[in-house]
Amino acid sequence: MDMSDSISAALHTMKLINGATVIYRRGNQSVELMGVRGQSRQRGYNADGLEITWQSHDWTFHSDELELAGTVITPTRGDTIEETIGGELRVYAVTHLSPAQQPYEWEDFRGLVTRIHTVFQSAT
């Protein structure tokens, strides 16, 4: 078992212990999947060139589960992740506040596990 397989197996275990069922949405297409919620500290620069930091709400999934219309996708700004907690729908926007950064990263060298950066958008 290589490191990628170990990371994928660890995510499977984390889903069993602390996973959340969410909806990943892009326009009219969506997929329900199990992910693991996390956070990470992000750094970037504002329009004036000043460094800013923020805490992102991250979601980790097995990459092959991010499938829309029969195609495995990579996360894109403008996509959303929806989670319902106690009857409240919480929506997270897929983004990275630094325009130069992708809103996701692979957690392993083979790309089996994807960590998606989001910001809280709304609750209803």
Side-chain angles (χ1 to χ4, degrees):
M1 179 182 289
D2 69 17
M3 184 64 79
S4 288
D5 291 328
S6 296
I7 291 170
S8 181
L11 176 58
H12 178 74
T13 301
M14 290 170 56
K15 286 180 180 181
L16 294 174
I17 295 169
N18 196 30
T21 300
V22 298
I23 304 291
Y24 189 95
R25 187 175 305 279
R26 177 179 289 168
N28 295 338
Q29 299 177 337
S30 64
V31 61
E32 182 178 278
L33 61 154
M34 178 77 66
V36 175
R37 185 182 316 111
Q39 295 180 342
S40 63
R41 188 166 202 75
Q42 302 292 325
R43 291 185 340 179
Y45 296 90
N46 67 13
D48 296 324
L50 298 174
E51 184 177 65
I52 56 173
T53 61
W54 67 94
Q55 196 76 18
S56 69
H57 299 268
D58 295 346
W59 293 91
T60 304
F61 303 101
H62 284 102
S63 302
D64 62 355
E65 295 175 341
L66 289 168
E67 183 177 314
L68 295 174
T71 303
V72 175
I73 58 133
T74 55
T76 303
R77 283 178 176 79
D79 295 351
T80 58
I81 296 174
E82 302 171 356
E83 177 186 34
T84 301
I85 300 176
E88 179 181 72
L89 175 65
R90 298 176 62 88
V91 179
Y92 300 87
V94 174
T95 192
H96 194 290
L97 294 181
S98 175
Q101 298 290 322
Q102 292 293 334
Y104 70 92
E105 56 192 274
W106 286 300
E107 294 290 281
D108 63 289
F109 70 92
R110 288 181 22 217
L112 299 178
V113 174
T114 303
R115 183 179 188 110
I116 302 172
H117 305 295
T118 67
V119 294
F120 177 73
Q121 188 173 13
S122 65
T124 54

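We're numbering straight along the sequence, starting at 1. The figures here come from the full heavy-atom set of this structure, side chains too, leaving out hydrogens, waters and symmetry mates.
Taking OG of S30 as the reference point, atom CD1 of I81 lies at 12.5 Å (rounded to 0.5 Å). Atom OH in Y24 sits 9.5 Å away from atom CG in L33 (nearest 0.5 Å). Here the CZ-CG distance, from R110 to L112, works out to 4.5 Å after rounding to the nearest 0.5 Å. Distance check: Q102 CD to T76 OG1 gives 8.0 Å after rounding to the nearest 0.5 Å. Rounding to the nearest 0.5 angstrom, the gap separating the OH atom in Y104 from the CG atom in D79 is 11.5 Å. Between H57 atom NE2 and Q121 atom CD the span is 11.5 Å, to the nearest 0.5 Å.
With a 4.5 Å cut-off on side-chain heavy atoms, R115 and W59 do not count as touching. Counting heavy atoms from C-beta outward, Y92 and V22 have side chains that stay 4.5 Å or more apart.
When all heavy atoms of T114 and P75 are compared, the pair lying nearest together is CG2-CG, 4.1 Å. When all heavy atoms of M34 and G19 are compared, the pair lying nearest together is SD-C, 3.3 Å. Between S63 and G111, the shortest heavy-atom contact is OG-O, 2.8 Å. For V113 against D108, the heavy-atom pair with the smallest separation is N-OD1, 2.9 Å. In this structure, V94 and T80 approach most closely via the heavy-atom pair CG2-N, 4.2 Å.
Using a 3.5 Å distance cut-off with no hydrogens or angles, the side chains of E105 and H117 do pair a donor with an acceptor.
Transitive grouping of hydrophobic side chains (ILVMFWY, heavy atoms separated by less than 4.5 Å) brings I116 and F120 into a common cluster. In terms of hydrophobic clustering, with Ile, Leu, Val, Met, Phe, Trp and Tyr side chains grouped at heavy-atom distances under 4.5 Å, I73 and I23 are assigned to different clusters.
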Check step by step if side chain to side chain contact (heavy atoms under 4.5 Å, CB included) holds for V31 and E65. CA-CA 8 Å; V31 61; E65 295 175 341; over 6 Å; no
